[in-house]
Amino acid sequence: MSTVQPTTSDAARPLSDQEWLTDLTDDGPAGRRAVLRLREVLLRATRQQIWRLRELLPGAGADELEDLAQQCADDAVISVLRRLATFQGRSRFTTWAYKFGVNHAGVAVRRQAWRHREIALPDALAWRADNSPGPEAVLDGTELARAVEVAIAEELTAHQRRILLALVVEQVPIDVLADRLGSTRNALYKTLHDARRRLRTALIASGHLDNHPDRSVS
């Protein structure tokens, strides 16, 4: 980052959205000062998110968490600058930019938490009936579980099965799974969407699910 420092008056005065956009695209001192101000905004975001998720990194000390926040702030600045043209003014610029810091920090924490963990890519669903409810509820749950198991085995492709089970059952963060598989978040979301749609269709056909629109599945 540049060593140009914002003046006291600059740091105290809030910028309008248009001033942010104008200054951040300036090649001179105003642009460098704006980048430093942007980084301060993003550093607040990354610190807050990392400390909120710090229990996912039980071995990390304060210094390590701060280093991670600083790295994420740098990455978030680059992301914001690359996407300035996508800002549509639906919220304040700082609110829009803040989300980049939160997202970068969340991804970084999840990657750090999973960096030494093996990722299971099961090819079949392992289910267990819950014996705590009454017999009728157990029977209904068992029948539904078997229907889901059959649908996963027979209606999904091998790739769809592995992605669905890794994300939904094994609870692997999608960013981590994308990294390990050399894929992208969008590609995995598409696979998960297609798998859920096939499962819904199969469960409706077998009478285990009502044919009502469900945006979380379709």
Side-chain angles (χ1 to χ4, degrees), residues 1-2 4-6 10-26 31-117 119 163 166-168 170-193 215-216:
M1 290 294 169
S2 170
V4 174
Q5 297 295 324
D10 284 340
R13 183 178 67 84
L15 298 180
S16 68
D17 291 348
Q18 187 55 54
E19 285 176 316
W20 273 112
L21 296 176
T22 299
D23 288 353
L24 286 172
T25 54
D26 187 283
R32 292 190 287 275
R33 286 193 294 269
V35 169
L36 287 173
R37 291 189 66 169
L38 174 63
R39 189 181 185 279
E40 287 301 312
V41 171
L42 295 173
L43 183 57
R44 290 197 297 272
T46 59
R47 280 174 175 159
Q48 182 182 55
Q49 182 72 342
I50 285 171
W51 277 90
R52 189 177 73 83
L53 300 175
R54 66 188 181 277
E55 62 186 32
L56 298 177
L57 303 173
D63 289 343
E64 186 176 351
L65 295 177
E66 176 63 17
D67 286 344
L68 188 58
Q70 296 282 348
Q71 293 169 24
C72 290
D74 288 340
D75 293 340
V77 167
I78 294 172
S79 292
V80 170
L81 294 178
R82 286 176 176 171
R83 294 171 173 81
L84 280 179
T86 68
F87 176 65
Q88 299 179 348
R90 296 178 181 175
S91 61
R92 293 189 61 184
F93 177 81
T94 49
T95 301
W96 176 79
Y98 198 90
K99 295 176 183 178
F100 285 82
V102 171
N103 290 338
H104 273 275
V107 170
V109 169
R110 291 190 293 272
R111 284 175 174 163
Q112 194 85 339
W114 280 76
R115 69 188 187 281
H116 298 310
R117 294 176 62 176
I119 292 180
I163 299 305
L167 294 176
V168 177
E170 300 295 330
Q171 294 291 294
V172 180
I174 194 165
D175 306 289
V176 174
L177 188 60
D179 282 346
R180 297 287 179 91
L181 296 180
S183 185
T184 65
R185 288 168 54 97
N186 287 342
L188 296 187
Y189 276 129
K190 177 64 164 56
T191 300
L192 184 62
H193 171 80
R215 293 182 181 180
S216 66

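Note that the structure is predicted; figures quoted are calculated from it, not measured. The figures that follow rest on heavy atoms only: side chains count, while hydrogens, waters and symmetry mates do not.
Using a 4.5 Å cut-off on side-chain heavy atoms (C-beta onward), Thr94 and Trp20 make contact. Side chains of Leu192 and Val168 form a contact here, defined as non-hydrogen atoms less than 4.5 Å apart. Proximity of Gln71 to His104: side-chain heavy atoms (C-beta onward) are nowhere separated by under 4.5 Å. Taking the side chain as every heavy atom from C-beta outward, Arg115 and Arg110 never approach each other to under 4.5 Å. Side-chain contact between Leu38 and Leu81 is present, with heavy atoms from C-beta onward closer than 4.5 Å. You'll find the side chain of Thr86 reaches within 4.5 Å of the side chain of Trp96, heavy atoms only. Counting only heavy atoms from C-beta outward, the side chains of Leu57 and Leu68 approach each other to under 4.5 Å.
In this structure Arg52 satisfies the side chain to side chain contact (heavy atoms under 4.5 Å, CB included) test together with Gln49, sequence neighbours excluded. Tyr189 is linked by a ring-ring contact (aromatic ring centres under 6.0 Å, His included) to nothing, counting only residues two or more places apart in sequence or in another chain. By the salt bridge (Lys or Arg N to Asp or Glu O under 4.0 Å) test, Arg180 is found to be paired with no residue, residues two or more places apart in sequence or in another chain being considered. Annotation: side-chain hydrogen bond (donor to acceptor under 3.5 Å, both in side chains) contacts of Ser16 (sequence neighbours excluded): Glu19. Partners of Tyr98 under the ring-ring contact (aromatic ring centres under 6.0 Å, His included) rule, at least two apart in sequence or in another chain, do not exist in this structure.
In terms of modelled atom types and a separation under 3.5 Å, the side chain of Thr95 and the main chain of Ser91 share no donor-acceptor contact. The backbone N or O of Ala34 sits nowhere less than 3.5 Å from a side-chain atom of Arg37 that would complete a donor-acceptor pair. Without hydrogens or angle criteria, Ser183 side chain to Asp179 main chain gives no donor-acceptor distance under 3.5 Å.
Note that OG1 of Thr191 is 6.0 Å distant from CD1 of Ile163, once rounded to the nearest 0.5 Å. Rounding to the nearest 0.5 Å gives a distance of 14.5 Å between OG1 of Thr46 and CZ of Phe100. Expressed to the nearest 0.5 Å, how far CG of Leu21 lies from CG of Asp26 amounts to 12.5 Å.
Arg39 and Asp74 are joined by a salt bridge, as a carboxylate oxygen and a charged side-chain nitrogen come within less than 4.0 angstrom of each other. Using a 4.0 Å cut-off between charged side-chain N and carboxylate O, Asp23 and Arg33 make no salt bridge.
The two atoms that bring Ala166 and Leu177 nearest to each other are CB-CD2, 4.1 Å, heavy atoms only. A pairwise comparison of heavy atoms in Ile50 and Cys72 identifies CD1-SG, 4.4 Å as the closest pair. Closest heavy-atom contact between Val172 and Leu167: O-CD2, 3.3 Å. The shortest heavy-atom contact between Phe93 and Val80 is CZ-CG1, 4.1 Å. Nearest approach of Ala76 to Leu42, heavy atoms of both residues: C-CD1, 3.6 Å. Between Leu65 and Ala60, the shortest heavy-atom distance links the atoms CD2-CB, 3.8 Å.
Evaluation of the salt bridge (charged side-chain N to carboxylate O under 4.0 Å, His left out) test over residues 80-101, restricted to residues two or more places apart or in two chains, returns none.
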